[in-house]
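A quick write-up on the structure given underneath.
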Amino acid sequence: MSSISSLPATPVAAKEPVPVPKSLDELVELLHKELGANGLTCEGVDVDRVQALMTNYQSNEEDWKKYAYFDKGRYTRNLVDDGNGKFNLMILAWPENVGSAIHDHSGSHCIMKMLDGELKETLYEWPDKVVSEADHPDSGLGSDNSDDEGKKPCAMTVKRETVLHRNETTYMSDQLGLHRVANPLKTAGSLSLHLYTPPYETCKTFNERSSQARSSGKCVFFSAQGEKLESCPSAAYLACALTEDIK
């Protein structure tokens with residue numbers, strides 16, 4: 001009788017190598033193939049593989065310059081592809097010295113790739129207790145510009161800070177915490193490519209000093225497929241851009 005140790009090993013299927021997209025358009029096609037019908041929430045989709053796919057794409061200005069819409073004093077969200085409703089791929093244009101508010105991702109997975117310039121990501125712990133503006137009305141934006149009155153402030157805890165450079169990629173989800181992204185450059189804009197799956201329209205922003213949360217306005221696009229959206233004028237965009245100046 002053959003021993004177990006003498007039985008032939010069951011072959012393990014080798015993973016296909018991660019493709020190297022030669023252009024942004026090819027990256028979009030490959031993302032549709034990798035994410036299938038349900039995005040990263042689908043069982044069997046490999047987050048690391050999708051991140052490697054975005055890493056393998058090498059930033060090329062000819063690919064993304066038509067999406068590089070900057071707006072003074074705030075960052076813009078510029079839609080590249082809507083992923084048939086299962087994901088959004090967008091380019092964010094960050095003017096100098098501009099950053100986002102601290103925010104969550106409403107259960108979405110986020111992969112961010114630097115296309116040009118630099119961005120500083122600050123990762124925060126979730127507050128022990130999330131106090132919303134509904135529980136305790138906010139006197140301002142629910143960001144660093146206001147403090148809760150009548151409640152002892154509980155400052156948010158920073159987990160780490162990372163500076164990202166051209167062609168570097170990072171992954172973010174609510175399981176990792178909350179984050180803020182900012183362009184630390186004083187004289188130049190920065191551009192980043194973001195994959196969100198599933199897409200989301202609203203999120204929560206947080207006051208760094210008090211940990212108070214508030215719901216954002218609807219997150220809308222400044223442009224789509226390289227064309228500025230007339231339905232998103234600059235003044236209205238400010239209300240949903242989650243933007244904060246860097247102090």
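Q58 contributes atom CD, which lies 13.0 Å from atom CG of L24 (distance to the nearest 0.5 angstrom). How far CD of E227 is from NZ of K66: 8.5 Å, rounded to the nearest 0.5 Å. For the atom pair SG of C110 and NE2 of H194, the computed distance is 6.0 Å after rounding to the nearest 0.5 Å. Between the CZ atom in R166 and the OG atom in S192 there is a gap of 13.0 Å [rounded to 0.5 Å]. To the nearest 0.5 Å, the span separating OG on S108 from CG on L195 amounts to 8.0 Å. How far CD of E125 is from OG of S211: 11.0 Å, rounded to the nearest 0.5 Å.
No path of Ile, Leu, Val, Met, Phe, Trp and Tyr side chains, each step under 4.5 Å between heavy atoms, connects V20 with L27, placing them in separate hydrophobic clusters. Note: the hydrophobic cluster containing V163 does not contain I102 (ILVMFWY, side chain heavy atoms under 4.5 Å, direct or indirect links).
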Any chance you could lay out the side-chain contact (heavy atoms from CB on, under 4.5 Å) test for L119 and S190, step after step, and finish with the verdict? CA-CA 7 Å; L119 287 177; S190 294; 4.1 Å; yes
Begin with the C-alpha distance, continue with both residues' side-chain angles, and end with the deciding distance and a verdict on side-chain hydrogen bond (donor to acceptor under 3.5 Å, both in side chains) for D48 and Y171.
CA-CA 9 Å; D48 291 337; Y171 169 78; over 6 Å; no
* Asked: So L79 and Q225, side-chain contact (heavy atoms from CB on, under 4.5 Å) or not? Walk me through it.
  -> CA-CA 6 Å; L79 183 66; Q225 286 78 46; 3.9 Å; yes
Going through the checks in order, is the side-chain contact (heavy atoms from CB on, under 4.5 Å) test met by Y57 and L115? CA-CA 10 Å; Y57 165 67; L115 297 178; 4.0 Å; yes
ring-ring contact (aromatic ring centres under 6.0 Å, His included), that's the test. Do W126 and F206 meet it? Break it down for me.
CA-CA 10 Å; W126 276 91; F206 292 78; 5.8 Å; yes
For this session: Could you check Y124 against E208 for side-chain hydrogen bond (donor to acceptor under 3.5 Å, both in side chains), going step by step and ending with a plain yes or no?
Result: CA-CA 9 Å; Y124 296 84; E208 186 171 20; 3.0 Å; yes
Does the side-chain contact (heavy atoms from CB on, under 4.5 Å) test come out yes or no for L53 and L31, once each step is laid out?
-> CA-CA 8 Å; L53 179 61; L31 286 171; 3.9 Å; yes
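Here the side chain of S216 pairs a donor or acceptor atom with the backbone of C203 at under 3.5 angstrom. Put simply, the side chain of N84 never gets that close to the backbone of K86: no donor and acceptor are under 3.5 Å apart. Checked by atom type and distance alone, the side chain of D46 pairs as donor or acceptor with a backbone atom of R49 at under 3.5 Å.
Salt-bridge check for R180 with E121: failed, with every basic side-chain N at 4.0 Å or more from each acidic carboxylate O.
The closest side-chain heavy-atom distance from M172 to H109 is not below 4.5 Å. No side-chain heavy atom of N183 sits under 4.5 Å from any side-chain heavy atom of V98. Using a 4.5 Å cut-off on side-chain heavy atoms (C-beta onward), Y67 and L193 make no contact. For the pair P127 and L178, the minimum side-chain heavy-atom distance is below 4.5 Å. L191 places a side-chain heavy atom less than 4.5 Å from the side chain of F70. Here the side chains of D63 and D25 are not in contact, with every heavy-atom distance at 4.5 Å or above. Counting heavy atoms from C-beta outward, I111 and T170 have side chains that stay 4.5 Å or more apart. Using a 4.5 Å cut-off on side-chain heavy atoms (C-beta onward), L229 and F222 make no contact.
Geometric assessment of R77 against the ring of F221 yields a positive cation-pi assignment under the 6.0 Å and 45° thresholds.
For the residue pair N88 and P199, the shortest heavy atom distance occurs at ND2-CB, 3.4 Å. Contact between H179 and V181 at its shortest, heavy atoms only, is CE1-CG2, 3.6 Å. The heavy-atom pair separating T55 from K113 by the smallest distance is O-NZ, 3.2 Å. Between P19 and N56 the shortest heavy-atom distance is O-ND2, 3.0 Å. Here the shortest heavy-atom pairing between S59 and N167 reads N-OD1, 2.8 Å. Taking both residues in full, the closest heavy atoms of D174 and S106 are given as OD2-N, 3.3 Å, listed atom of the first, atom of the second, then distance.
The environment of NZ in K22 is sparse: at most 12 heavy-atom neighbours from other residues, nucleotides or ligands sit within 6.0 Å.
Residue pairs satisfying the salt bridge (charged side-chain N to carboxylate O under 4.0 Å, His left out) criterion with at least one member in residues 193-202, sequence neighbours excluded, are listed as follows: E201-K218.
The closest side-chain donor-acceptor pair between T76 and N78 falls under 3.5 angstrom.
Taking the ring centroids of H32 and F87, they lie under the 6.0 Å cut-off.
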